[in-house]
Amino acid sequence: MGNHKVERIGEDIRRELTDIMRSLKDPRITGLLSIVKVDLSGDMSHAKVYVSSMDGFEAAKEAVKGLQHGAGFIRREINERLSLRTSPELKFIADNSIEHSAEISRLLKEVEPASRAEQSGENAQQ
């Protein structure tokens, strides 16, 4: 039962972080950033926030530096918005999953036309 509550609050934190990130003025936090996942500890005192960027892993690392710099402000905002008893300590971690997914998608698009050409060639022979 407690695990469901932790997951729900983790999703609430993710949603609020997305909104808070839009209002931050740090120049390191630019481009299309996405919060991939929020891992909240069982006692809800620590949260690992995985951040990914469409601009690549280096952009995600720079954004993490900016987010870590503003972690106190972000933590206070989350506490005010969610009315938590204690706000979790936030640790931001750069993640390259968006870049990796885009690369897989690009590779699949390259393979698709070749496989269609092979299939049409086989159908013509039969």
Side-chain angles (χ1 to χ4, degrees):
M1 180 85 160
N3 192 25
H4 178 68
K5 180 180 179 181
V6 170
E7 289 176 12
R8 184 176 49 84
I9 292 175
E11 283 301 311
D12 290 345
I13 289 172
R14 181 176 180 232
R15 184 186 64 243
E16 293 302 329
L17 276 172
T18 302
D19 189 46
I20 292 168
M21 281 175 34
R22 290 185 192 131
S23 66
L24 295 175
K25 304 283 191 251
D26 194 310
R28 295 173 285 193
I29 305 170
T30 59
L32 184 59
L33 293 176
S34 176
I35 297 174
V36 178
K37 182 171 128 178
V38 174
D39 279 339
L40 193 59
S41 66
D43 63 355
M44 296 187 283
S45 63
H46 294 80
K48 292 180 183 175
V49 181
Y50 295 89
V51 179
S52 189
S53 174
M54 284 294 284
D55 298 332
F57 190 61
E58 292 302 316
K61 284 199 247 181
E62 281 300 309
V64 163
K65 289 178 186 174
L67 290 167
Q68 209 55 52
H69 181 75
F73 168 77
I74 296 169
R75 186 176 180 184
R76 187 181 75 235
E77 282 291 310
I78 287 173
N79 195 33
E80 287 177 9
R81 293 177 183 209
L82 298 179
S83 301
L84 300 172
R85 186 174 297 162
T86 58
S87 180
E89 182 180 328
L90 302 171
K91 177 177 171 117
F92 295 96
I93 301 168
D95 188 74
N96 68 344
S97 60
I98 289 180
E99 183 182 16
H100 184 69
S101 298
E103 178 66 16
I104 289 172
S105 179
R106 184 188 64 77
L107 291 171
L108 288 173
K109 285 180 182 178
E110 287 177 6
V111 171
E112 187 177 316
S115 65
R116 284 189 182 173
E118 289 175 10
Q119 285 178 352
S120 64
E122 289 174 6
N123 290 340
Q125 290 176 358
Q126 294 177 357

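Treat the numbers as computed from the prediction; the structure is a model and nothing was measured.
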With the side chain counted from C-beta on, respond yes when Val38 and Tyr50 share a heavy-atom pair under 4.5 Å apart, and no when they do not. no

Ignoring hydrogens, what is the shortest heavy-atom contact between Ser52 and Asp95? Give both atom names and the distance. OG-O, 3.1 Å

When rounded to the nearest 0.5 angstrom, what distance separates CD1 in Ile29 from CZ in Arg22? 13.5 Å

Following the transitive rule for hydrophobic clusters with a side-chain heavy-atom cut-off under 4.5 Å over Ile, Leu, Val, Met, Phe, Trp and Tyr, establish whether Leu90 and Leu82 coincide in one cluster. yes

Using residues 64-73 as the side-chain source, report each donor-acceptor pair under 3.5 Å to any protein atom, sequence neighbours left out, with the distance given to one decimal.
residue : atom : partner : partner atom : Å
Lys65   : NZ   : Glu62   : OE2          : 3.2
Gln68   : OE1  : Phe92   : N            : 3.1

Verdict with reasoning, Ile93 to Lys91, per side chain to side chain contact (heavy atoms under 4.5 Å, CB included): CA-CA 7 Å; Ile93 301 168; Lys91 177 177 171 117; 4.2 Å; yes

So, Arg106 and Glu110, do they make that salt bridge, N to O below 4.0 Å? yes

Between the side chains of Asp12 and Arg14, is the shortest nitrogen-to-carboxylate-oxygen separation below 4.0 Å, so that they form an ion pair? no

Min side-chain heavy-atom separation Met54-Leu33 under 4.5 Å: no

Between Ser53 and Ala59, which heavy-atom pair has the shortest distance, and what is it? OG-CB, 3.7 Å

Hey, could you give me the CD/CG distance between Glu77 and Leu24, rounded to the nearest 0.5 Å? 9.0 Å

Got a second to check how far Ile20's CD1 is from Ile78's CD1, nearest 0.5 Å? 4.5 Å

Between Ser45 (side chain) and Ser41 (backbone), is there a donor-acceptor pair under 3.5 Å? no

In Å and rounded to the nearest 0.5 Å, what is the CG to CG distance from Asp55 to Leu32? 7.5 Å

Determine whether Ile74 and Leu17 make a side-chain contact, defined as any pair of heavy atoms from C-beta on separated by less than 4.5 Å. yes

Kindly give the cluster partners of Leu107, where membership spreads through any ILVMFWY side chain lying under 4.5 Å from a current member. none

To the nearest 0.5 Å, what is the distance between CE (Met21) and CG (Asp26)? 11.5 Å

On a heavy-atom basis, the closest approach of Met44 and Pro88 is O-CB, 3.6 Å

Report the distance from atom CZ of Arg15 to atom CZ of Arg81, rounding to the nearest 0.5 Å. 10.0 Å

Assigning hydrophobic clusters by single linkage (Ile, Leu, Val, Met, Phe, Trp, Tyr; side-chain heavy-atom cutoff under 4.5 Å), is Ile35 placed with Ile13? yes

